[in-house]
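Written below as structure tokens is the structure these notes are about.
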Amino acid sequence: MGKVASWLTSFVLFLIHVGYALVNAATSLRKGYCARDPLPLAIKRKQVPSHIALLFASHDDTSLDRFEGEMLDNIEEVVAWCQVVGIKRLTVYDRKGVLSRSSFALRERLQPEELEDDVSASESDIDYPLTPPLSDDSGSRPLSPQRDTPPKLHVTSLCLGRLESPAQATRRRRSLTKRHPHHKNDTTQEEPFCFHVISRQSGKAAISNTATSLSRQHCSASHSASDNFTVTQNEVNSILEGAVARCNALQEGVKSRYIGQYGFPSPELMIIHNILPNKRSKSVLELHGFPPWQIRLTEFYHTQYPRSSWSRWRLLWKPKYIAVDEVEFRRALDEFAAAEMRLGK
Amino acid sequence: MIRSFIYRALSWVQNKVSKKLQNALLKVLASGPIPQHVAFVMDGNRRYARRRHQAVFQGHAQGFEALRRVLEICMRLNVRCVTVYAFAIENFKRSPEEVDALMELAEEKLAEISRHGDLLDQYGVRLNVLGKKELLPASVQAAVRKAEEMTAKNNKAMLNLCMPYASRDDMTSAIEASVREALQEDSDVITITEEDVEVHIMTSVVGSPPLDILVRTSGVKRLSDFLLWQGCEDTQIQFTSVYWPDFGLLDFMPLLLDYQRKIWSSA
């Protein structure tokens, strides 16, 4: 009797799953055909993120290597869209670090024409290491007088465009009264476009490296008991988001395109994009190891019913790279514009 | 009078039948893979109340009833660990009246839920209150201590009540604790790994398993400083537009089915 009951419950569960799969397929169809087109790229939106993150997700890590070229092509397109909308900072993530390894290639692709004149002047001043600088390197810039061993944060930052002087920055800030999408005017040309390339190592590993660095400093600075060690959220934040170090770099007026291993700030919007076609009609959001510190208030955008599912039978046999397309990007911006930010209140 | 009697009788039958159906459905769902740890951001209490032209504190009270309901569902499904975001450190910014009302509700419900014979006792659930408890009023801290003591011996499941919690505060405390631990070791070269920090994360300290599903209600699509460390790997993050006080088994079911499909397809 027990066996029959258990067989029966399993069978009913199976039927429920069949029903659920059908409901998802129907929803996917409806969303595919009936979904409204998102607003055009350049239109004025209620709020536009100043920093977007793009998470290239895959259930199969080897595909990240396989589609490296396609991801780089895709990033170039996304950068162009960001510049149209007026988004000044883009972070790209893949779990394995394929993009981090290609950061040199990315810099070459993204180099705008205006910088051609600068190349000879700044090239000699700057090092462009392909691998991150060692944290114990005596040449590394100190974050503050006491902290002279910056932790390995595994974040590669690039800065594209002319950096403004502190006076220019003050003038720009005075002229902007509220945040709004940039139209084609002088201010957009002065502000640099910042680009961060990160991987899983930029997250939990960076946090544990921060802990290592803090403990080594405490050890060398004062040989007192471990009990009086304290650290504040702001201190940790300034290391992981790199604010202090980036400020130093900018104040020194360095026209560098490679800012170095200084962490990255929190993105306001994240687009989680599956690069492979989905086996099922419905896709569930996962973060694939994205750095936890920076996603405190990030709005997530994820396509639950990807259109690719309709040709997935053909695609499953020979998986093709699914690019982030402009429609998805515009939908993400529309959703962000409609989001209400209460900040705890 | 007869009409009201018939109506009441039918409601009673409907409740009994729906209760039986619900239990049968739960048994069916429990025959498949079940997540070990589910977390809920109980969002939407105030909007729920406003929509029904009620006072905000009534929305929170309904929210507590929803918590009871969902907790019972999870227990019947054999979910070992449930974590809920009851109050964020940021929420202290709300109006003093609302904060006071929430603190009073917390004190009252903590006592209620940990009473002998009530939900936690019934299902052998140990209560852990996670967060910066020093920020709570003294009376609430006392209620917390009492509730934790009363349920300390329960070992079938656990309920983590995050109050007042912020994930960045959690991670900062974990960094601080891991540094102190490393300094005590007094070795020449200190290296702190991810696992060393992980051990001091609040949910790990109380023995919670890895997070399988994180649910946020009311249609908001962000984590708002909740379980960032725990949820950034392969946790399924589910956003549902239902307001928390309305959340029930039929809303939870698709999330469970998604989890089961994930487990079966990776097997």
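Since the model is a prediction, treat every value here as computed from it, not as a measurement. We name chains A, B, ... by the order of the sequence lines, and we start the count at 1 in each one.
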State, with a plain yes or no, whether a side-chain heavy atom of B/I237 is found less than 4.5 Å away from one of B/R216.
no
Whatever's closer than 4.5 Å to a heavy atom in chain B on A/F300 counts as both
If I measure from the heavy atoms of chain B, does A/V236 come under 4.5 Å with its side chain, its backbone, both, or neither?
side chain
Which bit of B/L25 comes within less than 4.5 Å of chain A, counting heavy atoms only: side chain, backbone, both or neither?
side chain
Please classify the contact between B/V28 and chain A as side chain, backbone, both or neither, with a heavy-atom cut-off of under 4.5 Å.
both
Check each atom of B/D225 against the heavy atoms of chain A and say whether the ones under 4.5 Å are side chain, backbone, both or neither.
both
With rounding to the nearest 0.5 angstrom, report the CG to OG1 distance, B/L26 to A/T9.
12.5 Å
Tell me if the centroids of the rings in B/F40 and B/F252 come within less than 6.0 Å of each other.
yes
Checking A/S266 against chain B: side chain, backbone, both or neither under 4.5 Å from a heavy atom?
side chain
Donor-acceptor contacts, no H, no angles, side chain residues 201-208 of chain B, under 3.5 Å, sequence neighbours left out:
residue : atom : partner : partner atom : Å
B/T203  : OG1  : B/Q230  : NE2          : 2.8
B/S204  : OG   : B/E198  : O            : 3.1
B/S204  : OG   : B/E198  : OE2          : 3.4
B/S208  : OG   : B/N160  : ND2          : 2.9
B/S208  : OG   : B/T203  : O            : 3.1

At a 4.5 Å cut-off on heavy atoms, which part of B/F239 comes close to chain A: side chain, backbone, both, or neither?
side chain
Under 3.5 Å, is there a donor-acceptor pair between the A/S199 and A/H154 side chains?
no
The interface call for B/Q238 against chain A, heavy-atom contacts under 4.5 Å, is side chain
